[in-house]
Every structure is written in structure tokens, then in C-alpha cells.
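Each chain gets a letter, A, B and so on, in the order the sequences are listed, and its residues count up from 1.
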Protein chains: 2
Amino acid sequence: MATDQLDRFDRDILQIVQRNCQRTADAIAEEIGLSTSAVQRRLKRLREDGIIKSEIAVVDRKVTGTPMVFIVGMEIERDNYDALAKFRVWAEKQDHIQQVYYVTGAVDLIAIVTAQDVEHYDDIAAAIMAENPQIRRMHTNVVLRDVKLGLFVPLAGENTNGS
Amino acid sequence: MATDQLDRFDRDILQIVQRNCQRTADAIAEEIGLSTSAVQRRLKRLREDGIIKSEIAVVDRKVTGTPMVFIVGMEIERDNYDALAKFRVWAEKQDHIQQVYYVTGAVDLIAIVTAQDVEHYDDIAAAIMAENPQIRRMHTNVVLRDVKLGLFVPLAGENTNGS
DNA sequence: CATGAAATTAACTTCAC
DNA sequence: GTGAAGTTAATTTCATG
């Protein structure tokens, strides 16, 4: 509720915590010209309203034993009406499936998948096919390098570029 | 610097903060069976060593005025040796470019781009081409729905599936 | 109805063991 | 690594515009 009445301060706060959600309310308050308690109240509301969906640590893949990433295009059976819903429920539980987008174009789904090595990816791909018969074909790109990583969303009307 | 000697406790901590980095050290300590101060010391080291690269708020795109997402495949001039480095530097400053991966396959780069609407995306795509002559062609998929979003990385050897 | 100062509560940091 | 003491930050309360 009250989701689309973000004022200048809310937008400023979102810009800051999208880059670093460990900034203290005190530091944010000083930066945007508001009191500490006002910032805390707004942060609480932004969380409760789901505008801030989650606050997460971004971990360096290189040290996790799961260094590889694959970007996978998938074609699904269009006549299977709830294929997408089924896949969503299943994918949500698979920690190796990091992101999934339903798209227009040559493929229907694009997934970002992490794996320990190519053999491990082969196992994951086989599991995806086995668990989701509505998926007809998969087309895999191997990620050689992360050029940019993040989930930052600009706020329309703000100067969003990094300080 | 001690990047690949993560013990069981470090891995447990990373699993938790990847899902919620606002959990208190106290709560984490109780969950994994360690003292509060030990958890805080480990968290500090994980941050300093860059194993935790950042801690970020994930914001709901629907309320930001930038609701659309596009997944863009790009072909680059292979004989332009530092095309990738140039693009990286440029893309890092563009808030609408959320993620970029250098990949094998039919395209060389895959980017995830946010935009206010299709006209706005057209402007962004034109800017990408204009600013990066090393990009020869772009192939765009429009995201109709986020099926799964995140940057979670499983830790090999852990039972990583959500509690 | 939102703000900001003061007071309370809780978290984090430091240190001796 | 642990637990207590000291420090800092987050939260709640409340008077104010």
C-alpha cells in the first residue's frame, strides 16, 4: 500500500541502500538532509511495504567452490498453460538457479545458473530437463567473465549515476 | 589472502547473509553454534577479504518508474583487443545496465538492462551502439516476467536449499 | 500527519582469559 | 573462541510545527 507515492527522500534512501544497505541511518540522514529517526521510520515502511524486497550479501563466487556461471535459453511448450508456474515453483527451490526471466523472442525463458564445473553443469542441465518435461530445448552460453554484477534499479527522475 | 580457507562456520555465515544480511550476529551465532563475538569477527574478515563483496537492498522495480527489463545479446569486434575492457569501464557507470556477462556462443556479451518503457530502452540501445563502436550487433529479448531474481551462490559441500 | 530531540533498548567492538 | 565491559547505533517515545 502507498507504493507509488515515493517522495524525494524515499527515493534518495533507496538509491543509497541499493548500493550499501549497511549504511547507518545516521549517515543516510546526514547525506539527504533529514533526521535519523525520520530515515529509520521511512526504511521501516519501505521494508514493510515490500518496496525493499530483501537485503542480501553479494558473495564472491571465486571462493565458494561454485565458480562457473551459465546463461541458458529455454524453449517451453506453449500449449502447456501452467508450464511457467510449474517451473517457477521448482526453480525457486534450486539454489544453483540464480535468476530466471520469462521473455519474448527466440527462447521463452532465460536462466542464470551457477555450477562447480562443467560436469556439474551437465548434471544440472539434465535435472532441469528431467524435472520439467515442458522444456523442449536448452541453449547454453558459458560465462567467461562477469563484466558487471548487480540488481540495481534506477529511480526515474533521479540522477542515478554513482557519485 | 586466506581466500580459500573457509571453514564450516564461514560457509554457514555466508549462506545466511546471502539470504538476509540484516540478521543480527546474535541470531546467526545461535543458529550456527558460535559466540556472538566470533560471528562478528568472521563477518568483519569476510568483508575485509572481499569474500562478501557488497551488501545491497533489492528494490521492487514496479514502484521505481523503471519497470521494464531487457536481456540483450551483443556481438563485438574480436580483433578489437580491449573492446571488452572499454565496454566494462563504460558499463560500470551506466545505472540502467544492471548486469553484463562475457560469454561463449552466438553472442559475445549478454547484458541485463532496465528501462522506463520501450522508447526509453530504444534510447539506451542507441546510446550503447553510439558509445561502443566495437559492438556490431544487438539482439534484444523483452522480459515479460521475473520468474526468479537474486545473486545467490551455493557453497559447494553445503546443503544449500532454503530451510 | 510528519518531524526531530531525548531516552531506551539492542547491537557491535574491545579486551582479558 | 568465549564472555564481560565499554562503545556505538537502532528504536521508541513524545513534544512540536
(message) Looking only at side-chain N and O atoms, does B:Gln99 offer a donor or acceptor that is under 3.5 Å from a partner on A:Gln99?
(response) yes
Taking atom [atom2] of [N] as reference, at what distance in whole Å does atom [atom1] of [X] sit?
| X | N | atom1 | atom2 | result |
| --- | --- | --- | --- | --- |
| A:Leu34 | C:dC1 | CG | C1' | 14 Å |
| B:Glu30 | D:dG3 | CD | P | 13 Å |
| B:Asp12 | D:dG1 | CG | C1' | 16 Å |
| A:Ile28 | D:dA9 | CD1 | C1' | 12 Å |
| B:Ile32 | D:dT2 | CD1 | C1' | 14 Å |

(request) Test A:Arg42 against every option in A:Asp10, A:Asp12, A:Asp49 by the salt bridge (Lys or Arg N to Asp or Glu O under 4.0 Å) rule and name the one that passes. (result) A:Asp10
Would you tabulate the side-chain donor-acceptor contacts of residues 63-71 of chain B under 3.5 Å, counting partners in other chains and residues two or more places apart, or write 'none'?
unit_1, atom_1, unit_2, atom_2, d
B:Thr64, OG1, B:Arg61, O, 2.8
B:Thr64, OG1, B:Thr66, N, 3.2
B:Thr66, OG1, A:Pro154, O, 2.9

(message) Generate the contact string for nucleotides 11-17 of chain C. Rules: B means base contact, S means sugar-phosphate contact only, - means no protein heavy atom under 4.0 Å.
(response) SBBB---
(request) Check whether more than 12 heavy atoms from other residues, nucleotides or ligands sit under 6.0 Å from atom CZ of B:Arg137, and answer yes or no. (result) no
(message) Within the supplied structure, the quantity of interest is the number of heavy atoms (other residues, nucleotides, ligands) at a distance under 6.0 Å from B:Glu30 CD; does it exceed 12?
(response) no
(request) State, to 0.1 Å, how close A:Glu92 and B:Val147 come at their nearest heavy-atom pair, and which atoms those are. (result) OE1-O, 4.0 Å
